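For clarity, every value in this text was computed on a predicted model and none was experimentally measured. Residues take their numbers from the sequence shown, with the count starting at 1.
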Amino acid sequence: MDLRFLVKALFTVVVLLGATALAIWTYGPAWIAPAPDFPQGPGGALAFVSLSTQLRTQARQLARGEPVRLTLTEQEFSGVVSSALLSGWRGPGDQPKVRSLLENGLIRQEMVVRFQDPAVPERFRGPVGLRVWLEPRITPGAPARFRIVRGMVGRIPLSAAAIRRLSQASGFQPAGFDPAEPALVLPVESLISENLGRSFSIREFAVTGQKVTLTVALGTR
């Protein structure tokens with residue numbers, strides 16, 4: 001093979017790698033920045049007051065052992081998920097800002113995180129915007145499980161497989177994160193039971209429009 005061709009090819013590769021590294025260094029912070037940033041959402045207090053009120057109107061049905069249907073607005077559900085995520089935060093850096101949005105039958109979970117690891121260059125330490133789209137999967141008697149369908153780091157789209165690999169490489173694993181599927185396993189059932197003073201099991205979970213509908217029954221945590 002022509003030596004000049006090899007040298008030219010090697011030079012081209014080096015130039016491309018250098019240009020890529022320069023682009024990442026220059027524009028990387030903008031690529032991973034939140035799009036857009038947002039204020040911290042409410043805690044779960046609003047949701048638990050709403051659930052308590054709804055349960056009182058269905059007390060007889062519940063006492064007979066029959067399941068009852070409850071609804072949460074987008075804001076109320078966001079507060080429950082925020083409480084579940086932040087109460088057991090194990091990720092790097094400070095606690096993130098989190099919120100949940102409902103769209104097309106899925107839950108869009110957003111976070112804004114600041115990484116403080118000294119190994120991360122100063123300009124890449126945050127804020128970093130993370131978004132994942134979750135599909136609820138409920139098994140009665142087990143913690144609520146939300147399969148990660150896809151995600152984004154800032155403006156960079158990620159597949160579920162890429163999220164799994166990125167989590168393993170960075171050590172970023174928020175409370176309840178299961179990298180095997182990947183999925184978020186959140187103690188929604190336990191939070192509702194603890195705050196309402198009675199043990200409930202979630203039988204069904206659905207996202208309809210801008211509301212979450214839960215079918216619950218009295219049960220053992």
Identify each donor-acceptor pair in which a side-chain atom of residues 100-107 lies under 3.5 Å from a protein atom, sequence neighbours left out, and give them as a table.
{"residue": "Ser100", "atom": "OG", "partner": "Gln109", "partner atom": "OE1", "Å": "2.5"}
{"residue": "Glu103", "atom": "OE1", "partner": "Arg108", "partner atom": "NH1", "Å": "3.0"}
{"residue": "Glu103", "atom": "OE2", "partner": "Trp133", "partner atom": "NE1", "Å": "2.6"}

Listed partners of Phe205 passing ring-ring contact (aromatic ring centres under 6.0 Å, His included), at least two apart =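 ring-ring contact (aromatic ring centres under 6.0 Å, His included) check on Phe205 returns Phe77, Phe146.
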task = Establish whether Leu72 and Val49 are linked, either directly or via other cluster members, by ILVMFWY side-chain heavy-atom contacts under 4.5 Å.
result =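 As far as the 4.5 Å side-chain criterion goes, Val49 and Leu72 are not connected within one cluster.
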query = Met152 and Met111: same hydrophobic cluster, using ILVMFWY side-chain contacts below 4.5 Å?
reply = no
ask   = Among Leu70, Thr71, Val80, whose side chain to side chain contact (heavy atoms under 4.5 Å, CB included) with Leu51 holds?
value = Leu70
Residue from Val207, Ile148, Val149 passing side chain to side chain contact (heavy atoms under 4.5 Å, CB included) with Leu134 =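 Looking at Val207, Ile148, Val149, the match for Leu134 under the side chain to side chain contact (heavy atoms under 4.5 Å, CB included) is Ile148.
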Donor-acceptor under 3.5 Å ([X] side chain, [Y] main chain):
X     : Y     : value
Ser82 : Ser78 : yes
Ser52 : Phe48 : no
Glu76 : Thr73 : yes

Minimum heavy-atom separation for [X] to [Y], with atom names?
X      : Y      : value
Pro157 : Arg155 : CD-O, 3.5 Å
Ala217 : Pro67  : CB-CA, 4.1 Å
Pro182 : Ala160 : CG-O, 3.6 Å

Heavy-atom side-chain proximity of Ile138 to Arg145 below 4.5 angstrom = no
ask   = Are Thr213 and Arg69 close enough that some pair of their side-chain heavy atoms sits under 4.5 Å apart?
value =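 Side-chain contact under 4.5 Å: yes.
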query = Is a side-chain donor-acceptor pair under 3.5 Å present for Ser50 with Gln54?
reply =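 Side chains of Gln54 and Ser50: pair found under 3.5 Å.
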key: Contacts of type salt bridge (Lys or Arg N to Asp or Glu O under 4.0 Å), residue Arg164, not counting sequence neighbours   = none
